[in-house]
Undergrad: 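Right, I'll just put the structure down here and ask away after.
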Amino acid sequence: MTTMTIDFTLNNRPEAFDADPDTVLLDVLRDTFHLTGTKEGCREGECGACTVLVDGHAVDSCIYAAGAVAQCEVETVEGVSADGLTPLQRALLAENGVQCGFCTPGIVMMLEGLLRSNPAPSEAEVREALSGNICRCTGYAGIVRAVRSVLDASADTPGALK
Amino acid sequence: MEFVTAESVEHATDWMASRGDRTLPLAGGTDVMVQLSRNECSADALLSLRKLGAPFDAIEPQASGDLRIGSLMSHRAIATDSRIAKRFPALATAAATVGGYQTQAAGTIGGNICNASPAADLMPPLLAYGAKVELVRAGASTPRTLDLSEFVVGRRSTQRDPAELVSAIVLPANGTTRDVYLKVGRRSATEVAIVGLAVRVACGEPDGTMTDVAVATCAVDAVPRRVEAVETLLRGQVPCEALLREAGELLSAGCAPIDDRRGTAAYRRMVLRRLLARALAECCARPELARGFDQ
């Protein structure tokens, strides 16, 4: 194995890591940078617990080649809430959108990616965006309510969740 | 093993010319990275293609009316492209069924066909549209082109020479048809197809004769494929329930599904009959034709 050295931006800070070529991003985040908010649920890209943003796109970090983040911007749940819980995170707590919490960081990152590109999604669009995040506990109702409450509270999009 | 990022098409093809036989080309990696972690494949090099430019990275309408889709276009880009939604809707539908948004953001059309899973979702609509594959290599001034049906030859097996890379998939200009991709799974997303079916129909006026029909499957044979026997049965006929039953039986009897952890062969054959009826009813805008198949 030829170790690769990768320079990238992690939660708005320039960082670098060395890794074996077949390393996936999930392991770099958790083991090298000790950012354990990103969870391993399946290690095969089917549950979404490991969702992070790479250049603004939500991807499964458990199947994302670490070598492919060179010169990219990677954001994890720690970065999104670096200045305290976001309105969405507060709403998830208020609306019972969190039970065991294991899927929650992945859901926060998916919704963060969605709302950046689509600030006023319909309920159908929210549910479709979440179809790659498996939640065993909540039945998604509280999660959807949380998104609705965030959009309702935003001055620009009152009652936007159709 | 080493990880290499190709800086240009020339860099990539030069690499493949000398090292292609022991190199895994890497696009989104949504299947390759899983296979590597399970030791289902190995290589001396992972060659990341993410920086390659034209024609890999764009959707380009051609003067002929054909549509060239760069092999690095993501499933998400294909699912949301208005030109594909308008002219090749079954492909847009299929791209939106691959995994979840996370898979679609990283995975690519080139990866889907080169990985050549028997359940590859993009394959049935691409086959139904008569897609062609373009392959580039160092020293060749023009790409090699072959029919997609000849490109994928077995499970995880294609006609790509180790020195080649798939640069684009070309969809020939087609007339007015109605097309669907139907996918059966245990849930509505993050699912590998238990059965996948693409149907394309051109219906003539005024009696609705099916003047042209394409039927393609995935997950019910070792490879996704066009089913010419069913197409021949349907072509030139006016759809009716009896014809749909006969076609469903022919389709079901002619495939070779396996039992696996997602479903049994018997279940797949049963579902396929009903799926064909639904697909044809939808393409011919005659929903009543499928109602008799719902028991």
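Residue numbers start from 1 in every chain, and the chains themselves are labelled A, B, ... in the order their sequence lines are given, proteins ahead of strands.
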Undergrad: Extract all donor-acceptor atom pairs below 3.5 Å that involve side chains of residues 52-64 of chain A and protein atoms in other chains or at least two apart in sequence.
TA:
residue, atom, partner, partner atom, Å
A:Asp55, OD1, A:Glu73, N, 2.8
A:Ser61, OG, A:Cys50, O, 2.7

Undergrad: Taking atom CZ of B:Arg156 as the centre, report whether more than 12 heavy atoms of other residues, nucleotides or ligands fall under 6.0 Å from it.
TA: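 Enclosed.
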
Undergrad: Could you give the distance from CZ (B:Phe3) to CG (A:Asp20), rounded to the nearest 0.5 Å?
TA: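 These two atoms lie 12.5 Å from each other.
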
Undergrad: Please look at A:Met4 and chain B and tell me whether the side chain, the backbone, both or neither of the residue comes under 4.5 angstrom of a heavy atom of that chain.
TA: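 Contact with chain B is through the side chain of A:Met4 alone.
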
Undergrad: Using a cut-off of 6.0 Å, state whether more than 12 heavy atoms not belonging to B:Glu60 lie near its atom CD.
TA: yes

Undergrad: Only heavy atoms, only distances under 4.5 angstrom. Which residues in residues 96-106 of chain B are near chain A?
TA: B:Gly100, B:Tyr101, B:Gln102, B:Thr103, B:Ala105, B:Ala106

Undergrad: Of the listed residues (A:Ala70, A:Gly113, A:Gly45, A:Cys47), which shares the most heavy-atom pairs with chain B below a 4.5 Å separation?
TA: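 The candidate making the most pairs under 4.5 Å is A:Ala70.
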
Undergrad: Does anything in residues 68-92 of chain B reach chain A? List residues with heavy atoms under 4.5 Å apart, or say none.
TA: B:Arg76

Undergrad: What residues of residues 38-47 of chain B sit under 4.5 Å from chain A when only non-hydrogen atoms are counted?
TA: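 Under the 4.5 Å heavy-atom cut-off, B:Arg38, B:Leu46 qualify.
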
Undergrad: Within this structure, what is the CD-OG1 distance for the pair A:Glu44 and B:Thr30, rounded to the nearest 0.5 Å?
TA: 12.0 Å

Undergrad: For B:Val32, is it the side chain, the backbone, both or neither that has a heavy atom under 4.5 Å from a heavy atom of chain A?
TA: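 Nothing of B:Val32, per the 4.5 Å heavy-atom cut-off to chain A.
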
Undergrad: What heavy-atom pair brings A:Thr23 and B:Met33 nearest, and what distance separates the two atoms?
TA: O-CE, 4.0 Å

Undergrad: Between A:Ala19 and chain B, which part of the residue has a heavy atom less than 4.5 Å away: side chain, backbone, both or neither?
TA: neither

Undergrad: Can you check side-chain contact (heavy atoms from CB on, under 4.5 Å) on B:Arg50 and A:Cys72, steps first, answer last?
TA: CA-CA 12 Å; B:Arg50 66 187 175 101; A:Cys72 293; 3.5 Å; yes

Undergrad: Relative to chain A, which of B:Glu2, B:Met1, B:Arg187, B:Glu191 shows the most heavy atom pairs under 4.5 Å?
TA: B:Met1

Undergrad: Can you say whether A:Leu130 sits under 4.5 Å from chain B via the side chain, the backbone, both, or neither, judging by heavy atoms?
TA: neither

Undergrad: For the interface with chain B, which of A:Gly106, A:Ala68, A:Gly48 has the highest count of heavy-atom pairs at distances below 4.5 Å?
TA: A:Ala68

